[in-house]
Amino acid sequence: MTEHDKLDPKAPNPLVEPPINPQQVSIKAWSQKLLVAFLCVASFYGGWKSYESRMVNQCFASGGQIIEGGKTLLCKVS
């Protein structure tokens, strides 16, 4: 029993913190989830095209030329 309880046992104890209702931050709206998915896909596509462009520029810088081979780009150095 604390000093506070001895004075007035029915009074709320100021040293005890009231329970806190935690609210989790989450994405619940489908529109927000779709936006995040779209931004991930756009970021991946942009990175892919940037890599492809860098490889083409590197090919040209080394004196080569690009030969299309189906879904791949080939660099032919003469």
Side-chain angles (χ1 to χ4, degrees):
M1 195 173 234
T2 65
E3 290 293 321
H4 179 73
D5 293 335
K6 290 178 187 175
L7 297 175
D8 187 4
K10 294 182 183 177
N13 190 342
L15 300 177
V16 176
E17 294 182 14
I20 299 172
N21 294 332
Q23 295 180 351
Q24 295 180 354
V25 177
S26 64
I27 300 174
K28 292 185 178 182
W30 278 103
S31 60
Q32 289 176 332
K33 289 181 181 180
L34 289 175
L35 176 64
V36 169
F38 173 75
L39 291 175
C40 288
V41 169
S43 176
F44 178 80
Y45 182 75
W48 182 278
K49 286 300 182 181
S50 173
Y51 170 78
E52 190 176 74
S53 174
R54 191 170 52 243
M55 291 298 112
V56 168
N57 289 340
Q58 192 175 25
C59 178
F60 289 146
S62 64
Q65 62 185 29
I66 298 296
I67 301 171
E68 302 229 6
K71 292 185 177 183
T72 61
L73 296 176
L74 302 173
C75 180
K76 182 179 180 184
V77 180
S78 344

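Contact detail for I66 and C59: the closest heavy-atom pair is CD1-SG, 3.7 Å. What you find for G64 and C75 is that their closest heavy atoms are CA-SG, 4.3 Å.
Applying the salt bridge (Lys or Arg N to Asp or Glu O under 4.0 Å) test to K49 and every residue at least two apart in sequence or in another chain returns E52.
Linking ILVMFWY residues whenever their side-chain heavy atoms come closer than 4.5 Å, directly or via other members, leaves M55 and L74 in distinct clusters.
Separation of atoms CG (L35) and OG (S31) is listed at 8.0 Å; rounding is to 0.5 Å. For the atom pair OG (S50) and CH2 (W48), the distance works out to 12.5 Å, reported to the nearest 0.5 Å.
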